[in-house]
Amino acid sequence: MKKTNLDNNTVIEVNRQCYDVLGADYTEGVPDFEIIEKNGIWQKFLDSLPKGGKHMLNVACGTGDTSVWLDKKGYDVVSTDLSPEMVKVAASKMSNSRNLVLGATELDQLENERFDGIFAIHLIQHLNKSLIEQFFKQVHDLLYDGGKFLLVFTNNCFPESGYQLEGSKEDLYIVWYKHNLEDIVPLLNKTGLKPIEFWTQKVLPDACGVDCPFAFICQKS
Ligand SMILES: C[S@@+](CC[C@H](N)C(=O)[O-])C[C@H]1O[C@@H](n2cnc3c(N)ncnc32)[C@H](O)[C@@H]1O
């Protein structure tokens, strides 16, 4: 089955259901966080934060390994995800932190808060361009001046964009988008998120196990 013209609400709901089913199983395999840590991307992001900045927002936290890392190092991290199951798993690892069921286009609910750093690791391959633009605008509004946004994504999990079977799990369909840099860079610039560091992607055909994803550090402008 392959559907490509899905409206925004359908994209969100299909992905919520899919990740709810995956839940704790998502931690199987190499966590995405280890990959960006190994590549030096993570440390560069932390070093780029405003001096002393420790207030962080993890968007699409999944099972929360990145938030746990920050929590242990004394950062004050708010973790959000569309999937209640993912948030439940993340919260079980960090009982004293804030873990919220909140989609990437609902971040305006945090309107009174500002962050030194916001990051989204392997989220935007699940959003169409309209949703990405809404998400980027909200990130911009939630950053302090001088705050940084780390964006990590890949586009080689499936050969095309669409609604398709996830891995080997039967009846588990998910929406993936194959975004290129030409799609994403203009949206970053348009929403006032200026790229200041960039890592390119090594393409492994049809493989989600990328060892070098696309990554940007952006500054609020
Ligand atoms: C590939 S996983 C990445 C998880 C985590 N960032 C990591 O690096 O391990 C994608 C995550 O995005 C979440 N997600 C999908 N669509 C979302 C949306 N519209 N808003 C927020 N989270 C979303 C899923 O629930 C899932 O936890």
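Just so you know, ligand 1 is whichever comes first in the structure, and atom 1 is the first atom listed for that ligand. Each residue takes its place number in the sequence, starting with 1. As the structure is a computational prediction, the values presented were derived from the model and not from experiment.
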Output all residues satisfying salt bridge (charged side-chain N to carboxylate O under 4.0 Å, His left out) with Lys38, sequence neighbours left out; order by chain, then residue number.
none
Measure the acute angle between the ring planes of Tyr177 and His179, then classify it against the limits of 30° and 60° as parallel, tilted or perpendicular.
parallel
Run down the list Val87, Leu82, Leu127, Asp81 and name the one with the heavy atom closest to atom 13 (C) of ligand 1.
Asp81
Look at Glu133 together with Lys137 and state whether they make a salt bridge at an N to O cut-off of under 4.0 Å.
yes
Of the backbone atoms (N, CA, C, O) and the side-chain heavy atoms from C-beta on, which set of Cys61 has a member under 4.0 Å from an atom of ligand 1: side chain, backbone, both, or neither?
backbone
Under 6.0 Å between the ring centres of Tyr144 and His55?
no
Look at the side chain of Asp116 and the backbone N and O of Lys54, then say whether any donor-acceptor pair between them is shorter than 3.5 Å.
yes
Any nitrogen or oxygen of Ile121 lying under 3.5 Å from a nitrogen or oxygen in ligand 1? Just yes or no.
yes
Please say whether Ala104 places an N or O atom under 3.5 Å from an N or O atom belonging to ligand 1.
yes
If we only count N/O pairs under 3.5 Å, is Ala60 in contact with ligand 1?
yes
Distance under 4.0 Å to a non-hydrogen atom of Ser83: what atoms of ligand 1 satisfy this?
25 (O)
